[in-house]
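Since the structure comes first, as structure tokens, the remarks are kept for the end.
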There are 2 protein chains.
Amino acid sequence: MLDFAVLGLLMERPRHGYELKRALGELGFWRVSFGSMYPSLRRLEKRGAIEATTGTGRRKSYAITEAGRATFAALLAADPDANETDRAFQVRLAFLGHLPQEQRVKILEERRNRLSSQLKTARETLVDARTASKNTDRYRLALMEHAMRSTEADISWLDGLVASERRTATA
Amino acid sequence: MLDFAVLGLLMERPRHGYELKRALGELGFWRVSFGSMYPSLRRLEKRGAIEATTGTGRRKSYAITEAGRATFAALLAADPDANETDRAFQVRLAFLGHLPQEQRVKILEERRNRLSSQLKTARETLVDARTASKNTDRYRLALMEHAMRSTEADISWLDGLVASERRTATA
DNA sequence: TCTGTCTATATCGAATCGATATATCTTTCG
DNA sequence: CGAAAGATATATCGATTCGATATAGACAGA
């Protein structure tokens, strides 16, 4: 997943490890550690997906290769498996602009539907946890409610993105 | 972190691995894998924090020991370090009821303040990313905005929890 | 010049994930 | 009745990711 993100960032222009870590952190949902980043770069280099071009001083700038571009495209378009994590989806979203609109909308809607069914399950669990017989701790209840509200917010957000796609399509 | 969560759940009553995994999953923010759960149980058992009491059939029920209770209390009350993850905080929250109100409020407020300063940074990053010269991809912008809004929602949620604590204190 | 802070790469051990193997128990239904 | 299906339950493997730490050059300000 990190490898995919790295390839995505290198699609724009070459960068070095520290910069890649910073750029990912700025997306706001993932603070990658150096202990993940540098091994990822070595994995990708070994596979021939990226190339190091020594830069200024200590810096090692990496550029994506043709093979890397192919790998990236394949991963981006691959249909998301049923238990794609939040993070995996967000990473994919960060690079969705590389896909044609039709596929973008499809991916957004699939995600929306998955969250929707998760929400249904969460609601049932919550109703169950609220029964007097269960007597669930109030902080635990608060957490469950908060998780539910977050999922609802995510769903409206996705709806907004789809709506925005449709607007630009008909415009 | 998982070890702490397991101890917290075992504070109520003995449970077996599968049940612990399910209970954590129901909190809505962490789907623990078996590959994490069973090793965690073995770690805790080795440390003497829990004891296995063979249950029905294949099931192995685990109970927390006195040493385990002490470990749990220490971890729960330990002051959160500056870069506590979202997940670590949520796990702590799940068991906040074991602390006296004064400490609960303190922990909630510290978290609130940390999120607040994170939000400030995120806002600056976003303003920066929006400048025409940067020309950030619209999906990347959408992700940054969404992360910001999520943080804002988390902050109001925490405010609500604090307010609720204060109400019961003065009641 | 001293001190801190930011940049930058690297590595280690431990925690966690995701997939898979295996077996039992319960429910469903032909 | 018995077969199939699905939930329950434990376990382990390799790979990924984390968190902490080491190292060191660049630059700023006091």
Side-chain angles (χ1 to χ4, degrees), chain A residues 1-7 14-27 29-47 49-50 52-62 75 78 80-91 121 124-125, chain B residues 1-7 9 14-26 29-47 49-50 52-62 75 78 80-91 121 124-125:
Chain A
M1 205 177 69
L2 175 55
D3 294 9
F4 171 65
V6 167
L7 289 176
R15 300 173 198 244
H16 52 90
Y18 195 89
E19 202 185 347
L20 287 162
K21 180 194 188 294
R22 186 171 358 90
L24 274 179
E26 280 174 3
L27 295 180
F29 60 86
W30 190 10
R31 318 239 163 274
V32 194
S33 66
F34 292 121
S36 309
M37 181 52 73
Y38 292 108
S40 168
L41 289 172
R42 243 160 279 140
R43 273 196 302 275
L44 288 168
E45 200 178 12
K46 207 183 306 181
R47 279 188 228 155
I50 63 174
T53 67
T54 21
T56 330
R58 296 168 54 68
R59 286 197 284 215
K60 273 191 270 181
S61 208
Y62 291 91
L75 289 171
D81 87 347
N83 33 11
E84 188 182 38
T85 49
D86 290 5
R87 207 134 84 184
F89 173 74
Q90 287 181 300
V91 169
T121 311
E124 286 161 11
T125 307
Chain B
M1 204 178 69
L2 176 54
D3 294 10
F4 172 66
V6 166
L7 289 177
L9 288 171
R15 301 174 199 243
H16 52 88
Y18 194 88
E19 203 184 348
L20 287 162
K21 179 193 187 297
R22 189 175 351 92
L24 273 181
E26 281 174 3
F29 60 86
W30 192 8
R31 317 237 163 276
V32 195
S33 67
F34 292 122
S36 310
M37 181 52 74
Y38 291 109
S40 167
L41 289 171
R42 243 160 278 139
R43 272 196 303 274
L44 289 168
E45 200 178 12
K46 207 184 302 183
R47 281 189 228 156
I50 63 174
T53 67
T54 21
T56 329
R58 295 169 54 69
R59 286 198 283 215
K60 274 192 269 180
S61 209
Y62 290 91
L75 290 171
D81 88 347
N83 34 10
E84 187 183 38
T85 50
D86 290 6
R87 205 133 86 183
F89 173 74
Q90 288 181 298
V91 169
T121 310
E124 286 161 12
T125 307

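The figures here come from the full heavy-atom set of this structure, side chains too, leaving out hydrogens, waters and symmetry mates. So you know, we letter chains A, B, ... as the sequences are listed, proteins then strands, and number each from 1.
- Computed from coordinates, the B:K46 NZ to C:dA14 P distance equals 11 Å when rounded to whole Å.
- Here B:R42 reaches the OP1 or OP2 of D:dT12: one of its side-chain N or O atoms lies under 4.0 Å away.
- Partners of B:R31 by side chain to side chain contact (heavy atoms under 4.5 Å, CB included), not counting sequence neighbours: none found.
- Between the OH atom of B:Y62 and the C1' atom of D:dA11 there is a distance of 11 Å, rounded to whole Å.
- One atom, OH of B:Y18, and another, C1' of D:dG6, lie 10 Å apart when rounded to the nearest Å.
- Atom NZ in B:K60 sits about 15 Å away from atom C1' in D:dT8, given to the nearest Å.
- Under the salt bridge (charged side-chain N to carboxylate O under 4.0 Å, His left out) criterion, B:E26 pairs with no residue, sequence neighbours left out.
- Between A:L24 and A:L27, some side-chain heavy-atom pair lies under the 4.5 Å cut-off.
- Atom NE2 in B:H16 sits about 13 Å away from atom C1' in C:dT24, given to the nearest Å.
- Applying the ring-ring contact (aromatic ring centres under 6.0 Å, His included) rule to B:Y18 yields the partners B:F34; only residues at least two apart in sequence or on another chain are considered.
- Counting heavy atoms from C-beta on, the side chains of A:F29 and A:D86 never come closer than 4.5 Å.
- Inter-axis angle, ends of the helix from C:dT1-D:dA30 to C:dG30-D:dC1, five pairs per end, rounded to 10 degrees: 30°.
- Residue A:R15 contributes atom CZ, which lies 18 Å from atom C1' of C:dT9 at whole-angstrom precision.
- Looking at residues two or more places apart in sequence or on another chain, you find no salt bridge (charged side-chain N to carboxylate O under 4.0 Å, His left out) involving B:E45.
- Distances shown here put a side-chain N or O of B:Y38 below 4.0 Å from the OP1 or OP2 atom of D:dT10.
- By the salt bridge (charged side-chain N to carboxylate O under 4.0 Å, His left out) test, A:R43 is found to be paired with A:D3, residues two or more places apart in sequence or in another chain being considered.
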Open item on the list: What does the B/S/- profile of nucleotides 14-20 of chain D look like, 5' to 3', with a 4.0 Å heavy-atom cutoff to protein?
Closed with: --SSBBS
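- In this model, the phosphate group of C:dA8 is not approached by any side-chain N or O of A:K21 to a distance below 4.0 Å at OP1 or OP2.
- One finds no side-chain N or O of B:R59 lying less than 4.0 angstrom from the OP1 or OP2 phosphate oxygen of C:dC25.
- In this structure B:T85 satisfies the side chain to side chain donor-acceptor pair (under 3.5 Å) test with no other residue, sequence neighbours excluded.
- For B:T125, there are no side chain to side chain donor-acceptor pair (under 3.5 Å) partners two or more places apart in sequence or in a different chain.
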